[in-house]
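Throughout, numbering of the chain's residues begins at 1 and tracks the sequence. Only this structure's heavy atoms are used, side chains among them; waters, hydrogens and symmetry mates stay out.
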Amino acid sequence: MNDLSIKHLLGIKGMTRDDIETIFSTAAEFKEVLNRPIKKVPSLRDITVANLFFENSTRTRLSFELAQKRLSADVVNFSAASSSVKKGETLVDTVSNIIAMKVDMVVMRHPHPGAPHFLANKVNTTIVNAGDGTHEHPTQAILDSFSIREKLGNDLEGKKVAIVGDIKHSRVALSNILALKLQGATVRVCGPATLIPKHIESLGVEVSHDLDETLAWADVANMLRIQLERQGDKDAIRFFPSIREYTMNFGLTQERLNRLDKELVILHPGPINRGVEISSEIADSDHAIILDQVENGVASRMSIMYLLAGR
Ligand code: CP
């Protein structure tokens, strides 16, 4: 039993607003711990967590590992590239073998949408989705909302959030839409028509192809990376004529910001394509909370694992 309505964190889909609020209030307490000289607490001392990464990661992987170590959990790390997956072992066999070594929780990133959901039905351990293909990245959405609330206050009711760029191939977009809607925010997606999924309005979001008009409307802009590696051929640009044209129409630059007569909170989940979806000048400016997002990722993930473990 835990204080959340969920046994696993597979996606924001299936979570309640109370779940989100419980995670945020616990994350705020862990953030205080992380700012103390001694950053470690014994909360998960007898818990063993396996981090299974079947796809590349810098932020999420290190953030989960640091969160586990700050909670005093025992941690094992698995990278598909150097494992028996390369000899043809199935996902269920791989994870069953790891769980047989008395692992209590599995954090998993996988290129296939639904892989953590599939696993949750096959094995008897707690699963945390660290990103499944183009589907969901729930812990990113939680740390994004936590960071927005630090800037705008705890009530996101009616706040206007724009998610800009490659919505079609982004797991961050779907999880952010679901999390922000749960908190009462108004959400708009903005990008070229070819990078916006058909029928996305059914999620209760607005759609725009005009970045300047969207920035004038928004309180917050979450700038997404162009995901060439998920567009079929990683070296081919298939969804817009050229990077230069994409940047002209959908890149966030100082010139664009100068035209706004207001403050805008700017997020980016990383990794950044500097000079494509966001200029270096903006990414490194006080308007951007990109490193706050990274900092808050550790406290948010501590909160999620602590609550799922029922502590
Ligand atoms: N934001 C994010 O998921 O980054 P990584 O791919 O580096 O984990």
Side-chain angles (χ1 to χ4, degrees), residues 17 20-21 24-25 27-28 31-32 34-35 59 137 140-167 170 172-173 175-191 196 204-226 246-300:
R17 184 163 184 170
I20 299 261
E21 297 300 333
F24 286 156
S25 57
K31 187 163 179 180
E32 268 182 48
L34 293 174
N35 284 310
R59 276 148 293 272
H137 193 348
Q140 180 71 44
I142 286 164
L143 73 89
D144 287 347
S145 282
F146 186 89
S147 304
I148 294 170
R149 286 165 62 143
E150 276 189 335
K151 279 281 170 191
L152 296 185
N154 261 339
D155 187 4
L156 292 191
E157 198 74 45
K159 291 285 189 293
K160 296 173 186 154
V161 182
I163 304 174
V164 181
D166 186 355
I167 312 297
S170 171
V172 175
S175 290
N176 259 275
I177 290 168
L178 298 175
L180 290 162
K181 296 291 295 176
L182 268 183
Q183 295 164 83
T186 306
V187 183
R188 179 186 288 196
V189 294
C190 176
I196 305 247
V205 301
E206 301 175 12
V207 176
S208 168
H209 309 298
D210 182 338
L211 180 59
D212 290 303
E213 193 271 323
T214 294
L215 295 177
W217 167 88
D219 302 305
V220 177
N222 195 345
M223 306 303 298
L224 302 183
R225 182 171 66 88
I226 292 295
Y246 179 85
T247 302
M248 274 171 52
N249 287 308
F250 297 102
L252 188 55
T253 58
Q254 189 65 55
E255 195 189 357
R256 279 208 152 97
L257 268 198
N258 289 345
R259 290 202 289 267
L260 300 176
D261 188 18
K262 62 168 189 181
E263 286 294 314
L264 184 69
V265 179
I266 298 162
L267 290 90
H268 193 303
I272 300 172
N273 290 316
R274 284 178 180 264
V276 179
E277 65 269 358
I278 189 167
S279 71
S280 278
E281 201 176 8
I282 300 294
D284 299 332
S285 76
D286 290 342
H287 301 287
I289 58 167
I290 297 168
L291 294 181
D292 296 338
Q293 291 172 259
V294 176
E295 180 184 345
N296 289 331
V298 179
S300 300

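- Distance alone, capped at 3.5 Å, places no donor-acceptor pair between the Ser279 side chain and the Thr253 backbone.
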For residues 155-164, tabulate all N or O donor-acceptor pairs below 3.5 Å that involve a side-chain atom, not counting sequence neighbours.
residue : atom : partner : partner atom : Å
Asp155  : OD1  : Glu157  : N            : 3.0

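- Residue pairs meeting the salt bridge (Lys or Arg N to Asp or Glu O under 4.0 Å) criterion with at least one member in residues 274-287, sequence neighbours excluded: Arg274-Asp284.
- Counting all heavy atoms, side chain and backbone alike, Ala299 lies closest to Ala27 at CB-O, 3.6 Å.
- When the salt bridge (Lys or Arg N to Asp or Glu O under 4.0 Å) test is applied to Arg188, the partners found at least two apart in sequence or on another chain are Glu206, Glu213.
- Residues Leu267 and Asn176 are not in side-chain contact: their nearest non-hydrogen atoms beyond the backbone lie 4.5 Å or more apart.
- Taking CG from Asp210 and CZ from Phe250, the interatomic distance works out to 8.0 Å, rounded to the nearest 0.5 Å.
- Across all their heavy atoms, Leu264 and Val220 have their closest contact at CD1-N, 3.9 Å.
- Residues Ile290 and Ala283 share a closest heavy-atom pair of CD1-O, 3.9 Å.
- Listed for the Ser300 side chain is no donor-acceptor partner under 3.5 Å among the backbone atoms of Gly297.
- Of the possible polar contacts, none joining the Lys151 side chain to the Val265 backbone as a donor-acceptor pair under 3.5 Å is found.
- To the nearest 0.5 Å, atom CD1 of residue Ile142 and atom OG of residue Ser175 are 8.5 Å apart.
- With sequence neighbours excluded, no residue satisfies side-chain hydrogen bond (donor to acceptor under 3.5 Å, both in side chains) with Glu263.
- When side chains are defined from C-beta on, Pro271 counts as touching Arg225, because their heavy atoms get closer than 4.5 Å.
- The ring pair (Phe, Tyr, Trp, His ring centres under 6.0 Å) analysis of residues 255-282, with sequence neighbours excluded, yields no pairs.
- With rounding to the nearest 0.5 Å, the separation of CG in Asn222 from CD1 in Ile148 is 6.5 Å.
- Residues passing the ring pair (Phe, Tyr, Trp, His ring centres under 6.0 Å) test with Phe24, sequence neighbours excluded: Phe146.
- Side chains of Arg59 and Gln293: a donor-acceptor N/O pair is absent below 3.5 angstrom, by distance only.
- Distance check, rounded to the nearest 0.5 Å: CD of Gln254 to CG of Leu257 gives 5.5 Å.
- With rounding to the nearest 0.5 Å, the separation of CD1 in Ile266 from CG in Leu252 is 5.0 Å.
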- Task: Using the side chain to side chain contact (heavy atoms under 4.5 Å, CB included) rule, take Leu224 and Ile167 through it: C-alpha gap first, then chi angles, then the decisive distance, then the call.
- Result: CA-CA 8 Å; Leu224 302 183; Ile167 312 297; 4.0 Å; yes
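- Residues Leu215 and Ala221 come closest through the heavy atom pair CD2-CB, 4.0 Å.
- The closest side-chain heavy-atom distance from Leu180 to Asp144 is not below 4.5 Å.
- Not a single donor-acceptor pair under 3.5 Å links the side chain of Lys31 to the backbone N or O of Asn296.
- Shortest non-hydrogen contact noted between Gly191 and His209 is O-ND1, 2.8 Å.
- The heavy-atom pair separating Ile177 from Val205 by the smallest distance is CG2-CG1, 3.4 Å.
- With contacts defined as side-chain heavy-atom distances shorter than 4.5 Å, the pair Tyr246/Asn273 does not qualify.
- Between the CG atom in Leu182 and the CZ atom in Arg17 there is a gap of 8.0 Å [rounded to 0.5 Å].
- The closest side-chain heavy-atom distance from Glu295 to Glu150 is not below 4.5 Å.
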